[in-house]
Amino acid sequence: QVQLVESGGGLVQPGGSLRLSCAASGSIRAINAMAWYRQAPGKDRELVATITSDGRPNYADSVKGRFTISRDNAKNIVSLQMNSLKPEDTAVYYCNAAIIPYGDYRRYPYWGQGTQVTVSS
């Protein structure tokens with residue numbers, strides 16, 4: 001089985017920083033793209049940032065210049081450094097990864113359980 005476990009959420013004041021991490025574990029043959037999504041109360045889940053297997057990032061316009069996505073392929077970890085946080089960044093943040101399990105040749109989307117980020121004074 002494959003699972004993604006996130007950590008690093010919490011409460012932070014506007015202008016502050018947080019770092020989220022997500023570790024993939026289990027019977028993993030390969031991991032392709034990894035990503036972070038978020039969902040605020042009453043809103044649809046939205047894509048925040050993605051990173052390819054060779055480290056190329058892409059960001060939603062709302063977080064460009066403030067968030068940085070990175071990954072450690074040796075440890076199967078993807079991270080999201082969030083700086084200059086705003087109240088509108090408040091949401092549950094979810095890790096996502098396209099993973100090929102051992103014994104298979106197809107990739108499947110896996111999701112973490114979500115971690116709450118609250119930006120408030």
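- Residue L4 holds its CG atom at 6.5 Å from CE of M34, rounded to the nearest 0.5 Å.
- Of the residues listed (V63, V117, V119), the one engaging M82 in a side-chain contact (heavy atoms from CB on, under 4.5 Å) is V117, and it is the only one.
- For D44, the CG atom sits in a loose shell: 12 or fewer heavy atoms of surrounding residues, nucleotides or ligands are nearer than 6.0 Å.
- Among all heavy-atom pairs drawn from S27 and V2, the shortest one is O-CG2, 3.8 Å.
- Taking each heavy atom of P57 and G55 in turn, the nearest pair found is CD-O, 3.3 Å.
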Can you give each donor-acceptor pair under 3.5 Å made by side-chain atoms of residues 72-80, sequence neighbours left out, with the distance rounded to 0.1 Å?
| from | atom 1 | to | atom 2 | distance (Å) |
| --- | --- | --- | --- | --- |
| D72 | OD1 | A74 | N | 3.0 |
| D72 | OD1 | K75 | N | 3.2 |
| N73 | OD1 | R71 | NE | 2.6 |
| N73 | OD1 | R71 | NH2 | 3.3 |
| N73 | ND2 | S53 | O | 3.1 |
| S79 | OG | S21 | OG | 3.4 |

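- Summarising the geometry, atom CZ belonging to R45 is positioned 13.0 Å from atom CZ belonging to R38; distances are rounded to the nearest 0.5 Å.
- The minimum heavy-atom distance between I31 and A97, with the atom names listed, is CG2-CB, 4.2 Å.
- A 6.0 Å sphere centred on CD of Q1 holds no more than 12 heavy atoms belonging to other residues, nucleotides or ligands.
- Looking at K86 and D89, no side-chain N of the basic residue comes within less than 4.0 Å of a carboxylate O on the acidic one, giving no salt bridge.
- Between the side chain of R66 and the backbone N or O of S84 there is at least one donor-acceptor pair closer than 3.5 Å.
- Counting heavy atoms from C-beta outward, V12 and S17 have side chains that stay 4.5 Å or more apart.
- Neither L85 nor L11 shares a network with the other; the hydrophobic side chains, linked directly or stepwise wherever heavy atoms of I, L, V, M, F, W or Y lie under 4.5 Å apart, form separate groups for each.
- For the side-chain contact (heavy atoms from CB on, under 4.5 Å) with Y59, the lone residue among I51, T50, T68 that qualifies is T68.
- Counting all heavy atoms, side chain and backbone alike, P101 lies closest to Y108 at CD-CD1, 3.7 Å.
- Nearest approach of S120 to P14, heavy atoms of both residues: C-CD, 3.6 Å.
- For R19, the CZ atom is densely surrounded, since the number of other residues' heavy atoms within 6.0 Å is greater than 12.
- To the nearest 0.5 Å, atoms CG (D104) and CD1 (I28) are separated by 13.0 Å.
- Distance check, rounded to the nearest 0.5 Å: CD of Q13 to OG of S121 gives 7.0 Å.
- Cluster partners of L47, by chain and number: Y37, V92, Y94, W111. The rule joins Ile, Leu, Val, Met, Phe, Trp and Tyr whenever side-chain heavy atoms lie under 4.5 Å apart.
- Residue-environment remark: CZ (R107) stays at or below the threshold of 12 foreign heavy atoms within 6.0 Å.
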Check: Given T90 and Q116, is the side-chain contact (heavy atoms from CB on, under 4.5 Å) satisfied, shown in steps?
Finding: CA-CA 8 Å; T90 296; Q116 177 70 46; 4.0 Å; yes
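- Connection of I100 to Y110 is not established within any shared hydrophobic cluster, with ILVMFWY side chains joined at heavy-atom distances below 4.5 Å, either directly or through further cluster members.
- Using modelled atom types, one side-chain atom of E6 and one backbone atom of Q113 make a donor-acceptor pair closer than 3.5 Å.
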